[in-house]
There are 2 protein chains.
Amino acid sequence: MKKTSLNDIAQQLGVSKTLVSLVLNGKGNEYRISEDIQKKVKELARKLNYKPNQIAKGLRTGKTNTIGLIIADIANPFFGKLGREIEREAASHGYRVMFCSSDEKAENAKLQIEMLQQGQVDGFIISPPNGSEEQIKQLKNSKTPFVLIDRYFPEIESNCVVVDNLKASCEGTEHLIKNGRKRIACITTNPGMLNMDNRLDGYKKALTDAALEVDENLIKILPFSHEIKDVMEAIKELTSLDENKIDAILFTTSKVGVMGIQCLHLLDLKIPEDVAVVSFDDLDAYKISRPSITAIAQPLEEIGKHSVKILLEAMTDKSKKKELHKIVLETKFVIRNSSIK
Amino acid sequence: MKKTSLNDIAQQLGVSKTLVSLVLNGKGNEYRISEDIQKKVKELARKLNYKPNQIAKGLRTGKTNTIGLIIADIANPFFGKLGREIEREAASHGYRVMFCSSDEKAENAKLQIEMLQQGQVDGFIISPPNGSEEQIKQLKNSKTPFVLIDRYFPEIESNCVVVDNLKASCEGTEHLIKNGRKRIACITTNPGMLNMDNRLDGYKKALTDAALEVDENLIKILPFSHEIKDVMEAIKELTSLDENKIDAILFTTSKVGVMGIQCLHLLDLKIPEDVAVVSFDDLDAYKISRPSITAIAQPLEEIGKHSVKILLEAMTDKSKKKELHKIVLETKFVIRNSSIK
DNA sequence: CTGAAAGCGCTTACAG
DNA sequence: CTGAAAGCGCTTACAG
């Protein structure tokens, strides 16, 4: 069952592989190759189940029809769903996707980008970890097309697709305030990452706008790679404050949110009676949880579609003056039982 | 910023690319190339930041160091986590992974396999959809190494890594019986798929072993691509049975389970008081749900490790008498509040 | 209308 | 110890 190559077809038909290649690539008419021969070539190709070797094609044309996707962790539902959307959109344009989980480590992302850059992919969609500025700059210098998602580096001009984190976070916090919460905590992580910083800023802005004090004691910034014990500690501290205890928490990621809700359950704190909860990212878990959890949902399908489209444009646009796109999408605030009276 | 090739190094040093290739592939000593030259080559390679073009290498050697992963849906947490484990294990052996979501459609899997088979991957890890027997047979005929996961086709001899679905399901059902449940329903899907059929059989076996009647009215088999309304309908039927109502449900997938739990909530049925719940696959959602949900957890890390190892073995073993491996792993039963009195 | 030839960037017998 | 050459399977100027 050896695979059939262009040559096999050419030999059997007694023509050159040039001709076969031309016909099979739909350039038969363009080169005015006789209908008769075209038909024969196509028939034999079908009969021998010919499939062009993409690797050889890639070497020759410099195109692989593959996109490199670098995200934090494909097992994280947020990235899993986003990955699916990207895969779907890419497939509809004839592209495949190679995925790499960086675990938010710049070192990993660096290796993965370098690896895939060796002729393996035509471009990248990247959720860049903290500290990967240099890598992204190099990517840019090397003229490899890419688009950043979820976050970006303001000092590096590049394509990117993100959501309005500040606004989203502000909206979530305002909602808690409107529902009578006064001592609202924020548990976040990955400081220095733009999206996270913006979410924290949005929280602060909402408080300030409502003439509430921004109490630094109510802000817990978890270490980079956080575990449930870190979340537990943060919540214990927040709920054992001497004066008035907290009455709400805004979680800036669903990973922290899931852990946080587990902790609240373990501590026998009632949601929303004791502590109201709003979390970034909408999960299945939030829908079936009792109480259901109010969430700030990101438009995953749109992020996927936009990022692929922009990338394709950058990959195919031969003109030197490539336009950079910065897309900022809106989130959707889904009010459930965890945050209302 | 053109990429540097073997030739660039060879020319600058005034040696042949043969030599450069040899040195850079660590065969310098084997071919007794002088230390001096070896050093020069390596230094220049580092200086020029030389990275071999994997595509060219692949064309020449017929190896891509890439694994094709075909699963139902990367956005499904089960496959997302499994994908992560496979990625991790593959990376530790220097392999990348290309993933494709088949949506459980044989047609999609067929196209994806054919696409990647054109020199793009060295082997496959596949969770084969219903009706993809022919495709798998062809894959086998073409001598492409592959391993099936999650399910397999008994009539096709192949590598596979699965769990003991019958036993797991039996165990889950027994647990419900031990906790005093008598009218236990089973909501399942994808009939004809071996893993699903085994799960249903395990449910029946547990009932029979406990001398309970297997009531076909209590078994709901959802259509292939199911939506929440299908689940809702099934549950409504189950809970409105004239005689004695059901007092427990075994969900054979977490996708059905999540929907089912939502429906129970919507119908104001109390878990576990009115209906006890056990579900296949352990999700974050099940941990934070109130009540927490008893789950049959699959050993994702083990599945990932085994499948990659077996595949690598099949890909590297040059001897003709390749051994086929069939690995059956144990699940872990995690008892939570949804199933106990 | 069709074919011979070059070349993408590598590796690997083969020769000396 | 080192190099010239062939070849992996394609595509694409170029020539006729």
Side-chain angles (χ1 to χ4, degrees), chain A residues 2-42 45 48-66 115-122 318, chain B residues 2-42 45 48-66 115-122 318:
Chain A
K2 191 183 147 296
K3 255 172 230 146
T4 71
S5 75
L6 261 193
N7 232 336
D8 299 333
I9 299 182
Q11 284 186 1
Q12 289 196 34
L13 250 37
V15 298
S16 73
K17 25 180 203 158
T18 304
L19 190 150
V20 179
S21 170
L22 254 23
V23 172
L24 263 20
N25 282 320
K27 297 187 183 168
N29 292 331
E30 188 182 328
Y31 281 77
R32 283 175 289 175
I33 291 166
S34 68
E35 286 299 327
D36 191 42
I37 293 198
Q38 289 206 38
K39 212 162 148 189
K40 272 192 197 152
V41 169
K42 282 180 188 160
L48 295 181
N49 195 25
Y50 171 71
K51 300 276 161 51
N53 180 322
Q54 296 301 329
I55 273 257
K57 195 170 185 166
L59 180 58
R60 178 61 225 240
T61 61
K63 281 222 41 169
T64 60
N65 280 310
T66 303
M115 178 177 77
L116 295 184
Q117 227 184 332
Q118 311 318 313
Q120 304 237 79
V121 301
D122 296 337
K318 296 295 171 207
Chain B
K2 188 182 150 296
K3 256 173 227 144
T4 72
S5 75
L6 261 194
N7 234 337
D8 298 334
I9 299 183
Q11 283 186 1
Q12 288 196 34
L13 250 37
V15 298
S16 72
K17 27 181 202 162
T18 306
L19 190 149
V20 177
S21 170
L22 255 24
V23 171
L24 261 21
N25 282 319
K27 297 186 182 169
N29 292 330
E30 191 182 324
Y31 283 76
R32 281 174 293 176
I33 290 167
S34 69
E35 286 300 327
D36 191 42
I37 294 198
Q38 289 207 38
K39 212 163 146 188
K40 273 191 195 150
V41 169
K42 283 180 189 162
L48 294 181
N49 195 25
Y50 171 71
K51 301 275 162 52
N53 180 322
Q54 296 299 330
I55 273 256
K57 195 170 184 166
L59 180 59
R60 177 62 225 241
T61 62
K63 281 221 43 168
T64 60
N65 280 311
T66 303
M115 176 178 77
L116 295 185
Q117 227 185 331
Q118 312 317 317
Q120 304 237 79
V121 302
D122 296 336
K318 295 295 170 207

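Numbered from 1 within each chain, the chains take letters A, B, ... in sequence-line order. Computed over heavy atoms, backbone and side chain alike; hydrogens, waters and symmetry mates excluded.
The distance between atom CZ of B/Arg32 and atom C1' of C/dG16, rounded to the nearest whole Å, is 14 Å. Between the CD atom of B/Gln54 and the C1' atom of D/dC8 there is a distance of 15 Å, given to the nearest Å. The interatomic distance linking A/Asn53 (CG) with D/dG7 (C1') rounds to 14 Å, in whole Å. For the pair B/Glu30 CD and D/dT2 C1', the interatomic distance rounds to 15 Å; values are reported in whole Å. Atom P of nucleotide C/dG9 and atom NZ of B/Lys51 are separated by 16 Å, given to the nearest angstrom. One atom, CG of A/Leu24, and another, P of D/dG9, lie 16 Å apart when rounded to the nearest Å. The distance between atom CD of A/Gln118 and atom C1' of C/dC8, rounded to the nearest whole Å, is 15 Å. We find that CG of A/Leu13 is positioned 16 Å from C1' of C/dC1, with the value rounded to whole Å.
Comparing D/dG9, C/dT2, D/dT2 by their nearest atom to the side chain of A/Ile33 picks out C/dT2. Among the nucleotides C/dC10, C/dT2, C/dC1, the one closest to any side-chain atom of B/Pro52 is C/dC10. Listed nucleotides: D/dG9, C/dC1, C/dT12. Nearest to the side chain of A/Ser34: C/dC1. Comparing C/dC1, D/dC10, C/dT11 by their closest approach to the side chain of B/Ser21 singles out C/dT11. Checking C/dG9, C/dT11, D/dC10 against the side-chain heavy atoms of B/Asn25 singles out C/dT11 as nearest. Side-chain atoms of B/Leu6 lie closest to C/dT11 of the nucleotides C/dT11, D/dT11, D/dG9. Of the listed nucleotides (C/dT2, D/dT12, C/dG3), D/dT12 has the atom at the smallest distance from the side chain of A/Lys27. Among the nucleotides D/dT12, C/dT2, C/dT12, the one closest to the side chain of B/Thr61 is C/dT12.
For A/Tyr50 and D/dC10, the shortest distance from a side-chain N or O to OP1 or OP2 is below 4.0 Å. Distances shorter than 4.0 Å separate none of the side-chain N or O atoms of B/Lys57 from OP1 or OP2 on D/dC8.
Every side-chain hydrogen bond (donor to acceptor under 3.5 Å, both in side chains) that B/Lys63 has, sequence neighbours left out, goes to B/Tyr95.
Between A/Tyr31 and A/Leu19, every side-chain heavy-atom pair lies at or beyond the 4.5 Å cut-off. Contact annotation: the side chain of B/Ile33 approaches that of B/Leu22 to within less than 4.5 Å [non-hydrogen atoms, C-beta and beyond]. Side-chain contact between A/Asn25 and A/Lys57 is present, with heavy atoms from C-beta onward closer than 4.5 Å. Within the 4.5 Å cutoff, no side-chain heavy atoms of A/Gln11 are placed close to those of A/Leu13.
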Polar atoms only, N or O, under 3.5 Å: list the protein pairs with nucleotides 4-6 of chain C and their distances.
from, atom 1, to, atom 2, distance (Å)
C/dA4, N6, A/Thr18, OG1, 2.6
C/dA5, N6, A/Thr18, OG1, 3.4

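Annotation for A/Pro52 and B/Gln118: closest pair O-CB, 3.3 Å, computed over non-hydrogen atoms. For the pair A/Leu6 and A/Ser21, the tightest heavy-atom approach, listed with the atom from each and the gap, is CD1-CB, 3.8 Å. Nearest heavy-atom pair, B/Leu59 versus A/Leu59, reported as atom, atom and distance to 0.1 Å: CD2-CD2, 3.4 Å.
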Pair A/Asn49-A/Lys51, side-chain contact (heavy atoms from CB on, under 4.5 Å): steps then yes or no: CA-CA 6 Å; A/Asn49 195 25; A/Lys51 300 276 161 51; 3.1 Å; yes
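Atom CD in A/Gln120 sits 8.5 Å away from atom CG in B/Asn53 (nearest 0.5 Å).
The residue B/Leu22 sits close to a base: some heavy atom pair falls under 4.0 Å.
Comparing D/dT11 with C/dT2, their C1' atoms sit 16 Å apart, to the nearest whole Å.
Residue B/Gly14 is the one, among B/Ala56 and B/Gly14, whose nearest nucleotide of DNA chain D lies closer to the 5' end (criterion: closest heavy atom).
Within 6.0 Å of atom NZ in B/Lys40, 12 or fewer heavy atoms from other residues, nucleotides or ligands are found, so the atom counts as exposed in its surroundings.
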Intra- and inter-strand pairs of DNA chain D in dot-bracket (Watson-Crick or G-U wobble, both distances under 3.5 Å; | for another strand): |||.||||||||.|||
